[in-house]
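Note that ligands are numbered from 1 as they come in the structure, with each ligand's atoms numbered from 1 the same way.
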Amino acid sequence: MHTINHYINGGHSAPSQRTQAFFEPATGEQRGTVSLASAVEVAGVIEIAKKAHESWSKVTPLNRSRVLFKFKALVEANMDELAELITREHGKVLDDAKGEIIRGLEVVEFACGIPHLLKGEHTEQVGGGVDAWTLNQSLGVVAGIAPFNFPVMVPMWMFPIAIACGNSFIMKPSEKDPSSVMRMAELLTEAGLPNGVFNVVNGDKEAVDTLLTHKDVQAVSFVGSTPIAEYIYSTASAHGKRVQALGGAKNHMLLMPDADLDQAVGALMGAAYGSAGERCMAISVVLAVGESGDALVEKLLPQIKALKVGNGVTPEMDMGPLISAQHLEKVSNYVETGVNEGAQLLADGRELSVTDHQQGYFLGGCLFDHVTPEMTIYKEEIFGPVLAIVRVKDYSEALQLINDHEFGNGTAIFTQSGEAARHFCHNVQVGMVGVNVPIPVPMAFHSFGGWKRSLFGPLHMHGPDGVRFYTKRKAITARWPQSTNKSAAGTKAEFVMPTMK
Ligand code: NAD
């Protein structure tokens with residue numbers, strides 16, 4: 001049994017009074033207990049982080065970047081261990097866990113370029129003898145709150161850029177799979193990060209609420225479900241903080257009749273069933289245009305039935321379990337609702353039995369056909385291996401459906417028509433768009449974020465928006481008295497709005 005407490009000021013802390021069990025989804029066994037920090041404990045960590053910020057913000061960008069270079073090397077050296085922690089606690093297969101770490105490391109690589117990224121703008125001679133320039137300075141103590149489904153990658157969307165910009169950071173991981181972030185905290189210390197710059201508090205609403213309302217927390221990054229994202233955004237904003245709160249999704253693939261069907265089906269299998277559908281960029285709806293639906297079902301169904309589902313640590317599995325017994329029940333209930341509302345269930349993952357893991361939270365791939373926009377399984381995020389096919393008469397109807405949906409995280413069009421693809425990119429009301437690419441997750445040097453009820457706040461995560469989010473801009477306008485030109489030095493009082501001459 002593992003006991004996970006907090007990581008404060010460069011070391012592991014004592015347990016909190018309240019604790020919670022966490023589980024290994026593939027076996028259903030309790031893996032350990034995680035401490036739930038009290039408001040007083042979190043306030044203490046904020047104090048430590050505030051102190052650490054005073055000196056960390058004065059370290060040169062180059063030296064901050066060097067710590068991240070070392071951290072990257074340490075993560076690579078410990079990749080197998082980190083991946084196994086993810087798989088044991090989340091359930092995703094090992095290769096997928098490694099993929100998540102690599103996508104997270106790309107943000108570390110981006111943050112290593114911080115000396116370049118922090119450069120301000122400079123204009124010589126904005127007025128007679130006057131120069132102007134900008135500084136990008138750190139905010140102070142910033143916090144991140146992460147979901148269970150990417151226990152390494154989502155924290156890495158946040159903290160590398162935040163600390164590279166000179167902030168100190170408090171991470172609140174998901175209480176369902178807390179170990180991998182704790183390991184990253186150890187690696188940051190080993191990489192030479194000064195104590196108190198990166199801290200982990202485990203906890204629930206009490207810890208989160210303290211981060212959202214405490215006067216010394218300057219900014220909050222959140223990734224999780226939409227109702228909680230809305231709560232985080234409204235509460236932290238009302239307390240004067242910068243907030244970026246990324247929420248849920250219902251990502252549509254628009255399948256045009258001219259698409260390369262083999263390519264589309266291959267892409268769809270990974271996008272719908274990879275990580276058991278527990279990805280915010282998973283495809284959960286296919287809009288099959290015209291006649292494409294029948295051919296799609298014919299090719300898709302045998303592949304869904306052939307999915308290898310089992311313990312993610314076993315080589316060559318396609319899909320692991322869901323995160324918890326409660327989530328398995330929730331997703332299974334959605335399947336039942338789909339049947340009751342009249343959708344045609346072509347593959348029923350509830351029939352799956354993983355013989356050597358009877359207590360694991362497994363659900364096989366599910367496929368619904370003839371889903372309609374009024375159905376619950378179309379409207380709501382399921383977050384499991386459940387794919388819905390909606391038959392639509394033409395491209396315009398498909399586009400309208402996507403634009404009418406409350407979520408706008410990701411979408412993809414599969415087509416051979418440049419005209420259709422271009423129209424789609426320009427007119428779809430979604431934040432991240434793929435053209436013959438099923439999961440269009442932007443690379444680390446671009447920014448990640450959805451539209452509509454998939455993101456609250458003006459800035460996306462990582463990339464240029466990440467640097468903007470974690471810094472405040474200062475504009476300086478300077479004039480030095482010139483002995484050769486006294487009038488330019490402004491010796492006379494002026495009572496009108498100053499304009500540059
Ligand atoms: P969640 O909203 O239940 O939890 C996210 C975090 O919020 C956790 O750290 C949790 O402890 C905390 N939390 C939960 N309830 C809270 C409350 N009442 N008050 C304060 N804090 C609370 O989400 P989850 O189940 O861990 O993750 C899955 C969700 O995350 C899905 O909806 C998925 O779409 C979304 N997600 C979105 C993105 C994105 O980029 N848009 C990425 C990954 C996951």
Side-chain angles (χ1 to χ4, degrees), residues 4 18 20 22 25 34-37 39 42 89-92 100 103-104 107 143-158 170-178 181 200-213 220-236 243-251 275-284 322-324 326-328 330-331 334 380-384 406-411 430-432 439-442 447-457 459-463 465-466:
I4 303 290
R18 290 187 306 127
Q20 184 173 317
F22 63 101
V34 58
S35 277
L36 304 176
V42 177
E89 294 179 12
H90 174 279
K92 65 180 72 176
E100 142 167 22
R103 289 306 297 259
V107 182
I145 300 151
F148 77 83
N149 69 319
F150 285 111
V152 164
M153 184 183 78
V154 166
M156 282 208 209
W157 283 355
M158 305 171 180
I170 302 176
M171 186 77 234
K172 208 303 283 175
S174 170
E175 62 282 15
K176 296 183 182 118
D177 45 12
V181 164
V200 183
V201 292
N202 284 296
D204 55 10
K205 186 168 164 51
E206 181 172 342
V208 172
D209 282 348
T210 312
L211 294 170
L212 302 182
T213 55
V220 175
S221 301
F222 171 87
V223 177
S225 60
T226 288
I228 307 297
E230 279 184 301
Y231 170 73
I232 301 280
Y233 184 72
S234 56
T235 310
V243 196
Q244 48 180 189
L246 279 61
K250 194 83 182 173
N251 306 312
S275 196
E278 290 175 329
R279 287 182 183 144
C280 64
M281 289 293 276
I283 296 283
S284 50
L322 291 169
I323 184 70
S324 65
Q326 295 81 345
H327 193 56
L328 173 61
K330 183 175 163 189
V331 177
Y334 271 117
E380 296 182 10
E381 180 182 47
I382 298 175
F383 222 55
E406 67 166 316
F407 296 119
N409 213 40
T411 188
V430 170
M432 293 172 282
I439 308 190
V441 174
S447 299
F448 179 109
W451 285 13
K452 299 188 271 187
R453 283 165 55 74
S454 293
L455 184 144
F456 304 89
L459 291 176
H460 290 196
M461 220 163 256
H462 67 63
D465 273 17

Exercise. Have a look at Phe222 and tell me which of Val208, Leu211, Ile228, Leu246 forms a side chain to side chain contact (heavy atoms under 4.5 Å, CB included) with it.
Key: Ile228
Quiz item: Ion pair present between Glu230 and Arg453, side-chain N to carboxylate O less than 4.0 angstrom?
Solution: yes
Self-check item: Electrostatic pair Glu380:Lys250 at N-O distance under 4.0 angstrom
Solution: no
Exercise. May I ask you to decide if the ring planes of Trp157 and Phe448 are parallel, tilted or perpendicular, using 30° and 60° as cut-offs?
Key: tilted
Quiz item: Would you call the rings of His90 and Phe148 parallel, tilted or perpendicular, where under 30° means parallel and over 60° means perpendicular?
Solution: parallel
Practice problem: Please name the residue in the list Leu455, Thr226, Asn251 that meets the side chain to side chain contact (heavy atoms under 4.5 Å, CB included) test with Phe407. | Solution: Thr226
Quiz item: Using a threshold of 4.0 angstrom between heavy atoms of the protein and any atom of ligand 1, which residues qualify?
Solution: Ile145, Ala146, Pro147, Phe148, Asn149, Trp157, Lys172, Pro173, Ser174, Glu175, Lys205, Val208, Phe222, Val223, Gly224, Ser225, Ile228, Leu246, Gly247, Gly248, Cys280, Glu381, Phe383, Asn409, Phe448
